[in-house]
**Student:** 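Could you have a look at this structure, given as structure tokens, before my questions?
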Amino acid sequence: MTAHRAISGAGIGLAVCLLALLPLAGLPAFYDSFLYIVFYWISLATSWAILSGFGGYFSFGHAAFFGAGMYTTATLSVKFGVPFLVTLPAAAAVAASLAVGVGAIVFRLKRLRGELFALLTLAVSFILATIILNTPIDGGAGILTSSVPLPHIMPSPSQTIYLLGMLMCVGTLALAYIVAHSRLGLGLYAIHDDEDVAEVKGVPTFRYKLAAFAISAAIAGAVGGVHATYVGFLTVSETFGITVPLYVVLMSVLGGARHWLGPAVGAALIAASLYTFTSGDQAMIGRGLVALVLIVAILILPDGIVPSFLRWRARWTAQRATAPLPPVEAPQPAATPSGGDRPANAQDSGIDRPVALAIRDARKSFGGLQALRGVTLDIHEGEILGLVGPNGSGKTTLINVITGHFPLSSGEIRLGGAPIQALPAHEIARRGVARTYQIPRPFMHLSVLDNVAMAAAFGSADHGRAASIEEARRWLDFTGLRAKESALPAELNLHERKFLELARALSAEPQLLLLDEVLSGLNPTEIDHAIALIRQIRDRGTTIVFVEHLMRAVVELSDRIAVLNEGTLFALGEPGSVMRDPRVVSVYLGKAHAA
């Protein structure tokens with residue numbers, strides 16, 4: 001693998017050197033201009049994808065950051081005589097600052113997602129264009145940049161601009177690759193699929209979105225700075241028009257916006273096609289043909305060219321592979337916090353052990369609906385607490401406020417003695433709280449392995465990228481999903497998705513594990529398997545809160561049972577006594593069960 005990477009790196013380095021020296025080959029200036037345009041669109045499309053493709057925040061306002069960079073370079077170089085190369089970092093900084101200012105407000109408002117975010121970013125372009133047009137920055141006359149002195153990097157100005165565009169393109173692709181293969185990229189992919197779940201799994205979603213927005217805008221600003229000298233004359237109408245956002249979206253979607261190389265492939269194809277078929281007498285016919293090809297390609301390859309090709313190659317490789325997966329050592333049981341080993345079927349009250357989670361007068365209201373009405377409950381280290389109650393009694397709401405998915409209306413929650421009710425969900429996850437969902441909510445565009453590795457990377461253990469992959473495989477072995485590690489969640493059945501939820505929660509190495517109806521929908525054999533796994537998890541010393549309607553499993557697994565009814569703690573105690581309580585029978589189990 002190391003030799004393969006070395007060869008690949010050498011090949012990429014050689015290609016970059018050849019591209020850098022291409023203008024010296026004596027080719028006509030047309031080729032310098034043509035290749036610069038391709039590099040320009042690759043850089044813009046890739047920068048757009050870092051936020052909108054990776055993170056899923058679809059933007060129509062890329063022209064705002066591109067235009068901010070163009071006008072920064074033009075203003076500094078033309079009106080203040082600042083050297084051209086010095087203006088490029090300034091262009092990137094201005095665009096990034098604009099993005100951070102917008103994002104710091106917008107990303108705190110959860111309702112501003114999807115089409116609302118897209119429209120808001122488009123409005124930013126209009127506002128910025130209006131400000132520039134009505135101030136001395138432009139004033140309506142435009143800015144002439146053709147006289148800006150360029151550094152003598154190449155024999156001619158056109159060759160210098162070509163080289164700057166090429167270096168900008170290479171740098172953008174390198175940065176996109178780094179982001180895609182980093183914790184930031186993994187977090188952005190999770191945000192793209194389900195932002196709320198990503199936050200609960202430990203991803204600092206606000207900070208990651210802000211970072212992606214800043215990186216995306218900074219690249220666009222720097223590209224705009226270079227392009228300001230290429231066009232020679234800036235006008236607001238051309239700079240902030242719909243062309244830039246429209247084309248970057250088309251290019252990214254065609255190539256595959258979720259892959260770091262996808263936008264580059266789409267941009268190269270569209271830019272080359274437009275240049276080839278839309279010049280001359282048949283320009284309109286050429287544009288129509290390009291549009292038709294785009295429509296067909298998007299319909300056939302909805303995920304884009306690069307992801308579709310990689311998926312096809314993975315399936316072809318899987319069909320040819322015959323060797324079994326290498327075994328990975330399954331996680332070994334650990335001692336309980338009390339220091340002694342416990343039988344798998346032990347059912348004691350747990351009151352002699354320290355309190356892992358203390359809930360005091362927890363209340364949660366949704367408008368006029370009171371979902372929790374003052375719940376007070378202690379959960380002890382190393383125990384399994386069964387949490388039961390009728391539908392609508394507040395069980396899932398209690399899990400949601402513990403994990404920070406919903407803020408408490410009032411009350412207090414302490415984890416290991418420290419209050420957590422005011423912490424964001426990702427901080428609570430980092431402190432050792434993990435959960436599953438009643439209806440599985442995997443990240444649908446991430447493989448089974450990456451779903452689990454994401455939770456390992458952002459959980460309490462804070463694994464690096466390589467370590468999180470190894471940890472994920474250990475838990476996939478534990479839950480029996482190792483053979484499906486390359487599959488997407490859509491390819492799993494309900495039983496496998498439930499166990500994917502479990503593996504994802506366990507890979508975070510939680511101190512407190514909240515299982516929300518992990519057995520619902522399983523057949524008897526699958527239920528027995530799940531019960532055995534839950535016992536092994538508890539034997540590792542993990543504290544478990546177990547929400548379930550299947551009474552056999554609740555009684556068999558729980559050390560204590562807490563019954564919720566209408567948002568209050570209705571009963572609490574050992575399984576036998578609670579299940580025989582006439583009040584519990586009346587409100588939850590029913591008289592037929594009691595008979």
**Student:** Pair Arg414, Arg360 - check side-chain contact (heavy atoms from CB on, under 4.5 Å), show working.
**Tutor:** CA-CA 8 Å; Arg414 288 181 171 269; Arg360 295 291 178 267; over 6 Å; no

**Student:** Could you check if a side-chain atom of Lys201 sits within less than 4.5 angstrom of a side-chain atom of Val197, using non-hydrogen atoms only?
**Tutor:**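 Contact flag for Lys201/Val197 side chains = yes.
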
**Student:** Side chains of Ile219 and Ile50: does their closest heavy-atom pair fall under 4.5 Å?
**Tutor:**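 Yes - at least one pair of side-chain heavy atoms lies under 4.5 Å apart.
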
**Student:** Has Phe80 got more than 12 heavy atoms of other residues, nucleotides or ligands less than 6.0 Å from its CZ?
**Tutor:**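 No, because the 6.0 Å sphere around CZ of Phe80 holds 12 heavy atoms or fewer from other groups.
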
**Student:** Consider only side-chain N and O atoms of Ser47 and His62, and report whether a donor and an acceptor are under 3.5 Å apart.
**Tutor:**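 Present: a donor and an acceptor within the cut-off.
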
**Student:** Test side-chain contact (heavy atoms from CB on, under 4.5 Å) on Arg430 and Ser460; report intermediate values, then the result.
**Tutor:** CA-CA 4 Å; Arg430 295 293 294 272; Ser460 60; 5.9 Å; no

**Student:** Establish, from distance only, whether the side-chain atoms of Asp516 and Thr396 form a donor-acceptor pair under 3.5 Å.
**Tutor:**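 Yes, side-chain donor-acceptor contact under 3.5 Å.
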
**Student:** Restricting to side chain to side chain donor-acceptor pair (under 3.5 Å), what partner residues turn up for Arg431, sequence neighbours left out?
**Tutor:**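 For Arg431, no residue satisfies side chain to side chain donor-acceptor pair (under 3.5 Å) once neighbours in sequence are set aside.
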
**Student:** Any cation-pi pair here, Arg504 with Phe443, using under 6.0 Å and within 45°?
**Tutor:**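 Cation-pi check for Arg504 and Phe443: passes.
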
**Student:** Could you go through Val179 and Leu188, starting from their C-alpha distance and side-chain angles, then the distance that decides it, and tell me whether this counts as side-chain contact (heavy atoms from CB on, under 4.5 Å)?
**Tutor:** CA-CA 9 Å; Val179 170; Leu188 290 173; 4.3 Å; yes

**Student:** Would you find more than 12 non-hydrogen atoms of other residues, nucleotides or ligands less than 6.0 Å from Glu238 atom CD?
**Tutor:**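 At most 12 heavy atoms, drawn from other residues, nucleotides or ligands, come within 6.0 Å of this atom.
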
**Student:** Under 3.5 Å, is there a donor on one side chain and an acceptor on the other for His192 and Arg258?
**Tutor:**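 Side-chain D/A pair, His192 to Arg258: present.
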
**Student:** Go through Glu470 and Arg473 one step at a time and tell me if the salt bridge (Lys or Arg N to Asp or Glu O under 4.0 Å) criterion holds.
**Tutor:** CA-CA 5 Å; Glu470 184 67 19; Arg473 285 184 169 139; 5.2 Å; no

**Student:** Please find out if less than 6.0 Å separates the ring center of Trp48 from that of Tyr247.
**Tutor:**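 Aromatic pair excluded; centres sit 6.0 Å or further apart.
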
**Student:** Aromatic ring centroids of Tyr40 and Tyr230 under 6.0 Å?
**Tutor:**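 No: the rings miss the under 6.0 Å criterion.
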
**Student:** Could I get the full list of side chain to side chain donor-acceptor pair (under 3.5 Å) partners for Arg497, not counting sequence neighbours?
**Tutor:**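 Arg497 satisfies side chain to side chain donor-acceptor pair (under 3.5 Å) with no other residue.
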
**Student:** Does NZ or CZ of Arg183 come closer than 6.0 Å to the centre of the six-membered ring of Phe458, within 45° of the ring's axis?
**Tutor:**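 Satisfied, under 6.0 Å and within 45°.
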
**Student:** Under 3.5 Å, is there a donor-acceptor pair linking the side chains of Glu199 and Thr205?
**Tutor:**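 Side chains of Glu199 and Thr205: pair found under 3.5 Å.
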
**Student:** How far apart are the C-alpha atoms of Lys209 and Glu195, what are their side-chain angles, what is the distance that settles it, and do they pass the salt bridge (Lys or Arg N to Asp or Glu O under 4.0 Å) test?
**Tutor:** CA-CA 10 Å; Lys209 290 183 296 183; Glu195 184 173 339; 2.6 Å; yes

**Student:** In this structure, is the centre-to-centre distance between the rings of Phe206 and Tyr208 below 6.0 Å?
**Tutor:**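 No, too far apart.
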
**Student:** Can you spot which of Phe54, Tyr57, Phe65 makes a ring pair (Phe, Tyr, Trp, His ring centres under 6.0 Å) with Phe213?
**Tutor:**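 The option that passes is Phe65.
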
**Student:** Do Arg113 and Phe117 meet the cation-pi criteria used here (NZ or CZ under 6.0 Å from the six-membered ring centre, within 45° of the axis)?
**Tutor:**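 Cation-pi check for Arg113 and Phe117: fails.
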
**Student:** Side chains of Trp260 and Ile178, heavy atoms from C-beta outward: is any pair under 4.5 Å?
**Tutor:**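 Trp260 does not reach Ile178 side chain to side chain.
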
**Student:** Mind jotting down which residue pairs meet the side chain to side chain donor-acceptor pair (under 3.5 Å) criterion with at least one end in residues 397-408? Sequence neighbours excluded, please.
**Tutor:**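 Listed by first then second residue: Asn400-Arg435.
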
**Student:** When you look at CG of Leu85, are more than 12 heavy atoms from neighbouring residues, nucleotides or ligands closer to it than 6.0 Å?
**Tutor:**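 For Leu85, atom CG is crowded (more than 12 foreign heavy atoms under 6.0 Å).
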
